[in-house]
Amino acid sequence: MMLRTFSHLRSKQIAGVSLGSHISVATANNHRCYTNHAVKSSPPKNVFSRRDDGLARRGHLDTSSWANNNTPHRKSSSSCGSPQSKSLATPPFEKVVQSLKSTNQTCTILESSCGGLISSSLMSVPGSSKVFFGSTIAYNTKKSGPLLCGGEELLDQLLNASNQTDADLNNDIEIQADLSEETKQYIKTKINWTRDAALSYCNHMSTDFAIAEGGATGPTFHPKGMTTGFAVLAVAGRREKGESVEILAQKVVYSSHADREENMRLYADAAAALCLEAMAVANPSVVLEVQTAKSVSGSDIVVGETTEDDVILDRSSHLRSDAAVMKDYYQRKDAQHVALRGTDEVLFASPNKLALPTLQSLNEDAALAALLETDGTNIEKVLDNRVFLGRLGTSQTPIFALFLPANANLDSNINQNSYFDRTRPRAPFLTRTHNELALTATAYVNWQKTHQFCNVSGSPLEFIHGGTCAKGVGADGKAHLHWPRQDPSIITLVTNPSSTHALLARSPRHSVYLYTALAGFVEAGETFESAVAREVHEEVGVTIDRESVNYIASQAWPFPRSCMIGMNARALEDNAPISIDPDEIVDAQWFEKEVVYKAARDTDRMGAILDPRVVAEKQAKGEWNGNLLVPSKGVLARTLMDHWLEND
């Protein structure tokens, strides 16, 4: 059982000076410090970034936490970094949390002059508890030793970094030339201090990233001749699982004034931006586009946003029966296509995006054109049989499903930018819109393949209205119309009354390592709630509290034509005895919350575990030891688990 207790150790005050504070989260099996991030893109020209060969290398970080992609993000009430901002959750911090959750990675923080603003900004973003392992505010290094993760050993290390001579100091980062020698020396000690602190915290907390900040905010400064603030920021992390921790990014941020509050906001947002840069260094597959920002009044921050999910699929059902519009759309050279090979493969551009070739590229690109020239393929028929899926985004570009034969071959020597892969295990990793496109196209190809004749008249079916409707005409001349259908299926995460355990099962079609929620079809005349109670009792012999059944989410699952209705429910008794139906279930068990949490985290490290090839490859590399796995994020069963882990 995972017990969570939150403790906030108040800042000690000695001679009017705050020594620091510590925020932590404790669980039954481990202790985690909770952290915050702030985001800022590259500061103006007076900010010098470390960009040596070591930092420029690209690799992959081991992931170490699970997260729920569906958590909404709060929008700040004014421009990022503005002193008038009413929200701690500025856009840079929202981006950090979103990015960490999307990659199932974690962070911790040690901050000094920001006084906890990095941590509080991160924690104010909904969903941050799954990516943030805690923070320490060490405002006075000499006196805040008891607060440090690593205790006296780290304290000695940091004190040593602060007292090093000029010959010992790290000179990789350029220092602004017009500063006094005493100020330059002070900045150099902070460069070493933040480097050592970030490395130590990342190791001690076993997070993917650690942010360390140290500097001076004003309004008064100790070094002689220093009149404006600065902060040194460092982010440590791992490029690959099992590799040692290294500094991924480090920079100095200079301010043009001595306003403490504005400087704290500036440094905090800069820390978030640097964290995003470090993530891109460690894992180039992360979908982040952090734009370099120019400073306005020393604090305006601009962070590039991923806009893929802003593109909405307009299904345009009202246009399907308009023959003139359909004729125009079918001929448009800019019309895009979801290309399917057979009934279970789709054309990808990357793990999270589909390749959407246009009609023009299908005609002019050698590799794509070859797809239409597969032996036995009638090119005109393939193009005529495209299914109109709708229009994309504000441009309203028409998009179609393109059905190719199972033996269609994409020559990788000609086209290295796209590839076919199985839809079922890979679709959950697509962006929201691309996932919808892939599943919709799959639903239509399966429907057309299995519906060739009218079930009323027995006559051959003709697909009309952009391929979304089928018409059969009987001997009496009467037309009968047919549309694709989805069969409702319930999928349920059953927990015990105290919500400390979840009931997971393995079906014969799943691999031995994969356990998931219980599922089954809704029968004729049956409600969703009744189907939940019946399926759970039939499959594992457990009786649920019918009043506890709650709807969580739904998901199209066209394998072959289901719509999954996600529910949670509670059993009537704790750890109720299990009696499986051997025709439906191979095994079922009550799993502790902490066990499910770790399985979810391990699953996210693995990737598309519904594809046995992925698991076999990870096992061969020694990256998986045969432990429990659960469905990947993006699959409804996992959404139910994440909802339970995060909310109960």
Side-chain angles (χ1 to χ4, degrees), residues 60 63 66-71 73 98-105 283-289 305-315 336-358 387 389-393 397 399-404 410 415 417-446 486 553-564 566 600 603-611 613-614 630-639 642:
H60 295 279
T63 58
W66 60 273
N68 182 349
N69 281 334
N70 299 324
T71 304
H73 296 287
Q98 174 191 353
S99 301
L100 287 170
K101 291 177 68 175
S102 69
T103 53
N104 310 301
Q105 294 177 312
N283 188 351
S285 66
V286 176
V287 186
L288 295 173
E289 297 178 1
E305 294 293 336
T306 301
T307 58
E308 194 63 55
D309 282 341
D310 295 332
V311 178
I312 303 300
L313 173 62
D314 175 2
R315 293 183 176 244
Q336 295 180 297
H337 299 81
V338 179
L340 293 98
R341 182 165 68 178
T343 60
D344 63 351
E345 290 186 317
V346 68
L347 189 64
F348 286 80
S350 70
N352 68 338
K353 293 180 66 176
L354 297 175
L356 301 176
T358 63
V387 174
L389 302 180
R391 297 176 294 177
L392 283 178
T397 304
I399 185 163
F400 295 86
L402 177 70
F403 304 148
L404 300 169
L410 183 65
N415 189 321
N417 299 319
S418 52
Y419 57 93
F420 282 103
D421 211 334
R422 292 180 57 207
T423 312
R424 183 168 183 157
R426 301 292 179 173
F429 296 91
L430 293 168
T431 63
R432 184 184 303 116
T433 299
H434 282 219
N435 176 276
E436 182 180 0
L437 288 169
L439 296 185
T440 301
T442 300
Y444 274 115
V445 71
N446 280 304
Q486 295 189 101
S554 64
Q555 181 176 49
W557 199 244
F559 308 106
R561 57 173 183 271
S562 295
C563 180
M564 307 299 295
T603 296
D604 294 338
R605 289 178 175 148
M606 299 278 286
I609 57 96
L610 291 179
D611 187 342
R613 296 172 300 175
V614 171
V630 294
S632 306
K633 287 195 303 181
V635 177
L636 185 54
R638 176 60 181 277
T639 301
D642 286 353

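These values consider heavy atoms only, across backbone and side chains, with no hydrogens, waters or symmetry-generated copies.
Side-chain atoms of Q555 come within 3.5 Å of backbone N or O of G634 as a donor-acceptor pair. Counting only distance, with no hydrogens or angles, the side chain of T603 and the backbone of V630 share a donor-acceptor pair below 3.5 Å. Between the side chain of H434 and the backbone N or O of L354 there is at least one donor-acceptor pair closer than 3.5 Å. Without hydrogens or angle criteria, T442 side chain to A438 main chain gives a donor-acceptor distance under 3.5 Å. In this structure, the side chain of H337 engages the main chain of P357 through a donor-acceptor pair within 3.5 Å. The main-chain N or O of F429 is never found under 3.5 Å from a side-chain atom of N352 such that the two would form a donor-acceptor pair.
Note that CZ of F400 and CG of L402 are 10.5 Å apart. Values are rounded to the nearest 0.5 Å. Interatomic distance, CG of L389 versus OH of Y444, reported as 7.5 Å (0.5 Å rounding). Atoms CG and CG, on L356 and L347 in that order, are 8.5 Å from each other to the nearest 0.5 Å. One distance of note links CZ of R422 with CZ of R613; it measures 6.5 Å at 0.5 Å rounding. If you take CZ on R432 and CG on L437, they are separated by 12.5 Å, rounding to the nearest 0.5 Å. Going from atom CG of L430 over to atom CG of L439 covers 8.0 Å, rounded to the nearest 0.5 Å.
Taking 4.5 Å as the limit, some side-chain heavy atom of T423 sits within range of a side-chain heavy atom of F559. Side chains of D642 and K633 form a contact here, defined as non-hydrogen atoms less than 4.5 Å apart.
Closest of all the heavy-atom pairs between Q486 and S562 is OE1-O, 3.6 Å. Closest of all the heavy-atom pairs between A441 and L340 is CB-CD1, 3.4 Å. Nearest approach of A608 to S632, heavy atoms of both residues: CA-OG, 4.2 Å. Summarising the geometry of N435 relative to A427, their closest heavy-atom pair is ND2-O, 2.8 Å, with the distance given to 0.1 Å. Summarising the geometry of F403 relative to A401, their closest heavy-atom pair is CE2-CB, 3.7 Å, with the distance given to 0.1 Å.
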Would Q336 and L392 satisfy side-chain contact (heavy atoms from CB on, under 4.5 Å), going step by step from the backbone distance to the final call?
-> CA-CA 9 Å; Q336 295 180 297; L392 283 178; 3.3 Å; yes
Might you work through the side-chain contact (heavy atoms from CB on, under 4.5 Å) test for I399 and L313, ending with a clear yes or no?
-> CA-CA 9 Å; I399 185 163; L313 173 62; 4.1 Å; yes
Worked check of side-chain contact (heavy atoms from CB on, under 4.5 Å) between R315 and T440 = CA-CA 10 Å; R315 293 183 176 244; T440 301; 2.9 Å; yes
Would you please test L404 and F420 for side-chain contact (heavy atoms from CB on, under 4.5 Å) and show each step?
-> CA-CA 11 Å; L404 300 169; F420 282 103; 4.0 Å; yes
Going through the checks in order, is the salt bridge (Lys or Arg N to Asp or Glu O under 4.0 Å) test met by R426 and D611?
-> CA-CA 8 Å; R426 301 292 179 173; D611 187 342; 3.5 Å; yes
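Remark: R638 engages D604 in a salt bridge, criterion side-chain N to carboxylate O under 4.0 Å. Ion pairing of E345 with R424 is absent here, as no side-chain N (NZ or NE/NH1/NH2) approaches a carboxylate O to less than 4.0 Å.
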